[in-house]
2 protein chains.
Amino acid sequence: MSAAIRSPQPSPPLTRSVEDYLKSVFHLTSQGGFATTSDIAEMLEVAPPSVSGMMKRLSETGLIEHVPYRGVQLTPQGRRAALQMIRRHRILESYLTSKLGFDWGDVHVEAERLEHAVSEKLIERMADALGEPRYDPHGAPIPTAAGEIEEAELVSLAAAEVGHTVVLQEVSDEHPARLRYLAEQGLRPGVQLTVIDRQPFNGPTTARLGDGTTRVVGQELALLLLCRPADGE
Amino acid sequence: MSAAIRSPQPSPPLTRSVEDYLKSVFHLTSQGGFATTSDIAEMLEVAPPSVSGMMKRLSETGLIEHVPYRGVQLTPQGRRAALQMIRRHRILESYLTSKLGFDWGDVHVEAERLEHAVSEKLIERMADALGEPRYDPHGAPIPTAAGEIEEAELVSLAAAEVGHTVVLQEVSDEHPARLRYLAEQGLRPGVQLTVIDRQPFNGPTTARLGDGTTRVVGQELALLLLCRPADGE
DNA sequence: ACAGGGCATTAGGTTAGCCTAATTATCAGA
DNA sequence: TCTGATAATTAGGCTAACCTAATGCCCTGT
């Protein structure tokens with residue numbers, strides 16, 4: 001029995017859990033660098049040894065590059081798989097929100113379960129029904145079917161300079177209650193904000209909205225509000 | 001340590017595989033009687049010992065009644081769970097067909113995966129968007145959210161008497177190619193058929209459609225065409 | 001230069017769900 | 001009634017993912 005040539009093996013479908021690990025690594029390495037075992041463990045709510053074990057398997061299948069004691073990064077193949085999951089997730093969130101009346105806060109959990117069960121075909125039908133949206137309901141960019149994603153330089157409201165005007169681009173949180181609160185405050189993607197004050201020592205930021213009203217946002221929430229400079233700044 | 005009272009335990013969510021077993025048992029006992037180990041094994045494409053093992057666990061959790069060496073039946077609780085899955089499945093099939101352009105043959109596989117991942121809320125939103133449909137695209141009745149299902153006395157075309165007129169009510173098959181073929185032949189739920197001939201020895205049935213054209217249907221396919229007597233028969 | 005703290009990994013165990021092989025129950029027909 | 005064929009069950013294993021406890025590596029601060 002000679003060893004088979006193993007190049008174009010039809011790679012078995014990824015399990016639910018593998019898909020989740022890849023997504024975590026993608027998010028944790030989006031600023032460059034390595035994803036650490038403990039960060040992944042925290043994000044997925046599993047114990048660190050579970051991560052070590054999975055990382056070993058994933059590097060054997062070529063989806064990640066593992067540098068022992070340092071962390072992991074996605075290979076091109078792993079990145080492709082992660083982006084596909086992120087596309088599924090964001091298309092689902094968009095579809096549930098705009099076609100089935102789900103609210104901003106609830107879609108995440110639903111999409112999290114569905115993204116492992118939908119076929120490519122269903123996602124493309126949904127994308128089509130929505131008119132190929134480029135952003136999900138939280139303002140996050142949706143990767144294309146070909147696996148490209150827009151990379152924007154965003155800065156959180158907590159770090160925006162006083163006096164500057166920014167546009168809220170993306171609300172990076174999956175916590176329903178916080179999202180609902182932010183929505184009530186009118187803090188949704190697309191809103192223009194002028195930073196008019198910030199208390200020292202990680203204190204709250206005060207910003208003026210387009211309609212002249214102001215909002216005082218504590219640091220924890222302000223960190224979730226990702227902004228780009230307003231046009232002409 | 002005294003034994004805890006075990007009445008209103010918050011019953012853990014059913015696993016994917018448990019849901020599949022319950023559905024099988026439901027379908028296999030729809031004519032009354034017991035579902036046998038080997039029938040379940042065949043339907044789910046697992047080995048018989050896997051079924052024995054699962055039946056043991058399911059009867060411990062009170063979802064089925066197991067009579068050793070005879071078979072199983074659903075308890076009221078198991079029936080409720082099975083009907084919920086069937087509702088999910090059929091609503092999904094209806095939604096995918098009518099809102100996302102899936103075709104008759106393909107929906108089954110997609111729904112089979114999704115039914116384990118959708119929330120109750122999503123199913124009800126879909127049902128609502130469809131106007132609370134009572135039948136799925138194959139003509140099968142959809143259980144209500146309360147868990148009631150229409151039970152009709154149907155007879156397959158292969159067993160309908162020569163000379164009688166029937167209405168095709170439901171096409172009971174999940175095989176895409178067969179469904180596509182039947183659809184091409186115009187054999188969809190709602191069509192009226194008059195049986196004009198049947199060859200002996202399990203031979204084909206010949207039936208006339210409403211438009212006067214005839215179809216010759218081999219026994220294997222005719223068994224899949226479930227009919228009710230036409231009004232006024 | 002090295003001691004400790006903190007993180008990562010290895011060791012070893014659990015559970016669900018599947019498998020094959022061996023065993024046992026049931027029932028129909030001689 | 002007995003005997004086989006058929007079907008169900010038990011026995012014993014495997015794998016994927018998880019866990020806790022024990023061990024090992026790395027780096028910073030004295």
Side-chain angles (χ1 to χ4, degrees), chain A residues 9-25 28-29 33-74 78 81-82 85 112-113 115-117, chain B residues 9-25 28-29 33-74 78 81-82 85 112-113 115-117:
Chain A
Q9 46 188 338
S11 68
L14 304 180
T15 66
R16 195 212 135 93
S17 155
V18 166
E19 291 171 342
D20 284 338
Y21 278 96
L22 291 177
K23 270 205 318 179
S24 291
V25 175
L28 291 168
T29 55
F34 289 88
T36 68
T37 299
S38 41
D39 285 350
I40 298 168
E42 188 187 359
M43 183 169 283
L44 295 178
E45 301 185 279
V46 297
S50 307
V51 177
S52 286
M54 183 60 90
M55 292 306 108
K56 196 169 164 202
R57 292 199 296 118
L58 293 186
S59 58
E60 276 159 11
T61 55
L63 291 162
I64 62 169
E65 202 67 56
H66 184 193
V67 180
Y69 291 98
R70 182 137 287 135
V72 299
Q73 285 181 317
L74 295 172
M85 293 313 294
E112 195 82 348
R113 272 177 294 106
E115 64 190 9
H116 305 290
Chain B
Q9 47 187 336
S11 68
L14 304 180
T15 65
R16 195 212 135 95
S17 154
V18 165
E19 291 170 343
D20 285 338
Y21 278 96
L22 292 176
K23 269 204 320 179
S24 291
V25 175
L28 291 168
T29 55
F34 289 88
T36 68
T37 299
S38 39
D39 285 350
I40 299 168
E42 188 187 358
M43 184 170 281
L44 295 177
E45 301 184 278
V46 297
S50 306
V51 177
S52 286
M54 183 61 89
M55 292 306 109
K56 195 169 165 203
R57 292 199 293 122
L58 292 187
S59 58
E60 277 159 9
T61 55
L63 292 161
I64 61 169
E65 202 67 57
H66 185 194
V67 181
Y69 291 97
R70 182 137 285 135
V72 299
Q73 283 182 318
L74 294 172
M85 293 313 294
E112 195 81 351
R113 272 178 291 106
E115 64 189 9
H116 305 290

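Residue numbers begin at 1 in each chain, while the letters A, B, ... track the order of the sequences.
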Checklist entry - Hey, is the side chain of A:Arg70 poking within less than 4.0 Å of OP1 or OP2 on D:dC27, counting only N and O atoms? => result yes
Between the protein and nucleotides 1-5 of chain D, which nitrogen or oxygen pairs come in under 3.5 angstrom?
none

Item to check | Closest listed nucleotide, where the reference is the side chain of A:Pro48 and the choices are C:dA21, C:dT9, D:dC19 | outcome: C:dT9
Next on the checklist: Which is more 5' along DNA chain D, the nucleotide nearest A:Tyr21 or the one nearest A:Tyr69? Just name the residue.
Outcome noted: A:Tyr21
Next on the checklist: Categorize B:Ser50 for me: base, sugar-phosphate, or nothing, with a 4.0 angstrom heavy-atom threshold over every strand shown.
Outcome noted: base
Checklist entry - Is the count of non-hydrogen atoms from other residues, nucleotides or ligands lying under 6.0 Å from A:Arg70 atom CZ greater than 12? => result no
Item to check | Which nucleotide in D:dT20, C:dA21, C:dA8 has an atom nearest any side-chain atom of B:Pro49 | outcome: C:dA21
Item to check | OP1 or OP2 of D:dA8 under 4.0 Å from side-chain N/O of B:His66 | outcome: no
Checklist entry - At under 4.0 Å between heavy atoms, what does A:Ser38 touch on the DNA or RNA strands: base, sugar-phosphate, or nothing? => result sugar-phosphate
Checklist entry - So what does B:Ser52 hit on the nucleic acid, given a heavy-atom distance under 4.0 Å: a base, only sugar-phosphate, or nothing? => result base
Checklist entry - Which of these nucleotides, C:dC19, C:dA11, D:dT9, is closest to any side-chain atom of B:Pro68? => result D:dT9
Item to check | Residue A:Ser17, side-chain atoms from C-beta onward, closest of C:dC18, D:dA21, D:dC18 | outcome: D:dC18
Checklist entry - Considering only heavy atoms from C-beta outward, does the side chain of A:Val72 approach that of A:Thr29 to under 4.5 Å? => result no
Checklist entry - Does B:Glu112 CD have over 12 foreign heavy atoms under 6.0 Å away? => result yes
Checklist entry - Which whole-number value in Å describes the distance from A:Glu60 CD to D:dA16 P? => result 11 Å
Checklist entry - Which residue, A:Met54 or B:Met55, contacts DNA chain D at a nucleotide closer to its 5' end, judged by nearest heavy atom? => result B:Met55
